[in-house]
Amino acid sequence: MSDTRTGGDRLTDRLTHPRYPLSNAYDPRWVVDNQMGPHALWLLEWLAPALGLDALRPCARVLDLGCGRAMTSVFLAREFHAQVTAADLWIKADDNARRIAEAGFADRVQPVHAEAHDLPFAEDGFDAIVSIDAYQYFGTDDLYLPTLARLLRPGGRIGVVVPALREEPAGVEPPEHLRPWWEPDYWCFHSADWWRRHWTRSGAVEVEAADWQPDGWRDWLLWCGVVAEESPEEFHRTMASRVAEMLRADEGRALGFVRVVARRS
């Protein structure tokens with residue numbers, strides 16, 4: 001019997017995930033067309049319970065740092081009724097403003113074009129800071145977190161999800177089975193223990209969680225397969241295909257995701 005479903009129906013079936021009921025409510029074509037890496041809504045939905053309802057209460061002031069095309073910012077506004085500042089370097093504020101308005105959240109999400117080391121915000125201005133698949137690009141700097149944490153009100157929380165390694169590699173070489181795909185940028189991937197130590201010794205926060213996502217690599221592989229076939233951008237199709245090859249070779253031995261949550265001291 002032939003499959004008579006539309007392409008949209010098939011895409012919905014592929015991306016309907018039992019662990020991410022909130023994300024399942026979003027148009028999968030919108031998510032695919034606006035993605036810039038791993039499935040950002042899935043990762044944010046995994047982060048949210050660890051971040052806590054105090055940080056994500058209605059009208060909470062949330063900085064979405066490295067928001068990309070602002071999908072996560074729309075998610076925060078829609079699901080938690082937060083007031084979101086959507087900051088990104090690579091995507092212009094005007095582009096995100098249009099996308100945010102089309103989603104119906106222009107009154108709750110303010111896009112800002114900003115570099116992570118030059119954020120134009122007042123101290124104590126946010127109840128929470130969230131960063132999905134971005135913090136690894138700037139947050140490995142030993143001096144970065146104390147500067148960022150000052151933007152939080154005392155007791156405010158920061159939560160990030162980053163691509164990660166299950167264990168820190170010994171020496172200066174990548175895991176042998178990943179060598180054909182390894183790029184220098186991947187050295188910003190670290191273990192949960194590394195992130196816990198890195199944040200704790202900063203003295204700026206009290207770490208409340210630093211953990212590995214069970215089977216995160218399977219979600220990542222599933223998503224890469226969809227993007228490789230469905231993305232309208234050749235660059236993303238090519239990158240997703242290459243990452244999928246790497247994840248299939250790895251089979252969860254080394255690669256996945258870590259979430260880190262902390263409270264400003």
Cation over ring face, Arg78 and Tyr26, 6.0 Å, 45° = yes
Between Asp215 and Arg19, is the closest basic N to carboxylate O distance under 4.0 Å?
-> no
Closest heavy-atom contact between Leu56 and Phe80?
-> O-CB, 3.5 Å
Report yes if the side chains of Arg201 and Asp142 come closer than 4.5 Å at any heavy-atom pair, otherwise no.
-> yes
Heavy-atom closest contact (Leu178 atom, Asp250 atom, distance) = CD2-CB, 3.8 Å
May I ask you to decide whether Asp33 forms a salt bridge with Arg99, counting only side-chain N to carboxylate O separations under 4.0 Å?
-> no
Relative to each other, are the rings of Trp182 and Tyr186 parallel, tilted or perpendicular (30° and 60° limits)?
-> perpendicular
Value for OG (Ser131) from CG (Leu43), rounded to nearest 0.5 Å, stands at 11.0 Å
If you measure from the Lys or Arg side-chain nitrogens to the Asp or Glu carboxylate oxygens, is any gap between Arg14 and Glu229 under 4.0 Å?
-> yes
Between Asn24 (side chain) and His17 (backbone), is there a donor-acceptor pair under 3.5 Å?
-> yes
Taking the side chain as C-beta and beyond, is there a heavy-atom pair between Asn96 and Val109 under 4.5 Å?
-> no
How many angstroms lie between CG in Asp64 and OG1 in Thr72, if you round to the nearest 0.5 Å?
-> 3.5 Å
Do Glu206 and Ser265 have side chains that get closer than 4.5 Å, going by heavy atoms?
-> yes
So, do His198 and His190 sit near enough that their side-chain heavy atoms are less than 4.5 Å apart?
-> no
Go through Arg242 and Glu183 one step at a time and tell me if the salt bridge (charged side-chain N to carboxylate O under 4.0 Å, His left out) criterion holds.
-> CA-CA 12 Å; Arg242 181 169 175 80; Glu183 298 178 9; 3.8 Å; yes
Any side-chain heavy atom of Trp223 sitting closer than 4.5 Å to one from Gln35?
-> yes
Note, Val84 side chain near Phe105 side chain (heavy atom, < 4.5 Å) = no
Within the side chain of Asp127, is there an N or O that forms a donor-acceptor pair under 3.5 Å with the backbone of Gly156?
-> no
Exactly one of Thr140, Val260, Val130, Leu148 clears side chain to side chain contact (heavy atoms under 4.5 Å, CB included) with Tyr135, and that residue is Leu148
Ring centers of Trp90, Tyr137 separated by less than 6.0 Å = yes
Do Val74 and Met71 come within less than 4.5 Å of each other through their side chains, counting heavy atoms only?
-> no
CG on Asp88 to CD on Glu115, rounded to 0.5 Å = 10.5 Å
Check: Pro169 and Trp187 side chains under 4.5 Å, non-hydrogen atoms | yes
